[in-house]
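Accompanying notes for the structure given below.
None of these values were measured; they are calculated from a predicted model.
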Amino acid sequence: MEITKPCILLLLALFLVFNIVPGEAGNAKSSKKNLDAASTNYEMLSPTYSGQEQARCLARGACHGKTLVCPAECPKRKPVQNRKQKACFLDCSSKCEVTCKRRIANCNGYGSLCYDPRFIGGDGVMFYFHGEKGGTFAIVSDNNLQINAHFIGTRPVGRKRDFTWVQALSIMFETHTLEIAAKKVSHWDKESDHLIVKWNGVEVQVPMDGEAEWVPNSEELETRAVVVERTDELNNVRVSVSGLVQIDIKVRPIGKMENLVHKYQIPKNDAFAHLETQFKFFDLSDLVEGVLGKTYRPDYVSPVKRGVAMPMMGGEDKYKTPSLYSAKCDVCMFERPTAMSSIVGLSQI
């Protein structure tokens, strides 16, 4: 049977209709890699009559087009008047679900960095990396992201290594650096904020009222949104750099009982305020480096000894950087765009 030209055109039209993903008809060359992470790929709708937030999922897959509604026990994604209450998490991935969670670092979760630095890697394996007192190390180094950690510490008489904690983080991307640090204080005051935030080397203030968040001026950013949001009244923030990383951060001291149990012998004039953190990454390459970063490689096999109380990860020499704002180490991958204006040295805290 002869196939006429109108029949061919009709078949071609039907093929296009059934094979272009909804929402991409005007951009048939769009790749999945360039889309937002499925879990957060949604558009917000007007709240329900009772004030519960809701969203329509845009992610491809079974959840596409569905409306997810926050439950009554956590009606908002960002609680404002009582930030300690649980927040609503909308997940438009294959899970297609809504959950209530505290927006704080989970020191037993994937991507956590807490205590006398104890990590839980992207592979779920726990390990310790002690670094050294006063040292700075590349936690993550990739083509488009570098995260450094500055360590503080003490070494009691007769001990062979330092006790160390993370006192500051720098998040470097494009031409920018966001620094989150704990203030050095002699005594911990739970009624005071001990958090320092710096943007490109200049200290900024995160508001405590209203939306309780800080964002850079829009003209400073080329492609990504940056938000530092309080998740408690004091000493807790969530840092977001769109398409790259989300970090939950808590500032805390070494407590008296903790000091006694672990025999840290902390000096009386230093609370050793430090950070507890949990990272969530969105666009790491398969060759990502860093103490934590490499554990997210698809072919990574942890070298640490299992079944011991403190499985140790070495590599201090490979990951050590000259300063908090430097992306130079033996295995670091991140490079600044050539047009970047330099930020000199480790910021004074």
Between C88 and C70, is the SG-SG gap less than 2.5 Å?
-> yes
When you take the SG atom of each Cys, C57 and C92, is the space between them under 2.5 Å?
-> yes
Answer whether the closest heavy-atom distance between the side chains of [X] and [Y] falls below 4.5 Å.
| X | Y | answer |
| --- | --- | --- |
| P216 | H176 | no |
| D193 | N235 | yes |
| S170 | L324 | yes |

Sidechain N-carboxylate O distance under 4.0 Å for [X], [Y]:
| X | Y | value |
| --- | --- | --- |
| R238 | E229 | no |
| K101 | D248 | no |
| E73 | K86 | no |

Any chain of hydrophobic side-chain contacts (each under 4.5 Å) joining W165 to V237?
-> no
Does V98 belong to the same Ile/Leu/Val/Met/Phe/Trp/Tyr cluster as M44, with side-chain heavy atoms less than 4.5 Å apart forming each link?
-> yes
Does the pair N148 and T136 meet the rule for a side-chain hydrogen bond (donor to acceptor under 3.5 Å, both in side chains), with working shown?
-> CA-CA 7 Å; N148 288 350; T136 303; over 6 Å; no
Ring centres under 6.0 angstrom apart (F137, F129) = yes
Applying side-chain hydrogen bond (donor to acceptor under 3.5 Å, both in side chains), run through S93 and D91 and close with a yes or a no.
-> CA-CA 6 Å; S93 69; D91 189 344; 2.6 Å; yes
Quick check against the 3.5 Å criterion: does [X] have a side-chain atom that pairs as donor or acceptor with the backbone of [Y]?
| X | Y | value |
| --- | --- | --- |
| D317 | G315 | no |
| R297 | V288 | yes |
| T231 | R103 | yes |

Nearest 0.5 Å please: distance from the CZ atom of R336 over to the OG1 atom of T177.
-> 3.5 Å
Run the numbers on R224 and N144 for side-chain contact (heavy atoms from CB on, under 4.5 Å), then give the verdict.
-> CA-CA 12 Å; R224 302 189 187 278; N144 55 8; 4.0 Å; yes
Looking only at side chains, do Q278 and S112 share a donor and an acceptor under 3.5 Å apart?
-> no
For K294 and Y319, test the side chains for any donor-to-acceptor distance below 3.5 angstrom and give the result as yes or no.
-> yes
Would you please name every residue forming a ring-ring contact (aromatic ring centres under 6.0 Å, His included) with F281, sequence neighbours left out?
-> F279, Y296
Under a single-linkage rule joining Ile, Leu, Val, Met, Phe, Trp and Tyr whose side-chain heavy atoms are separated by less than 4.5 Å, which residues share a cluster with V157?
-> none
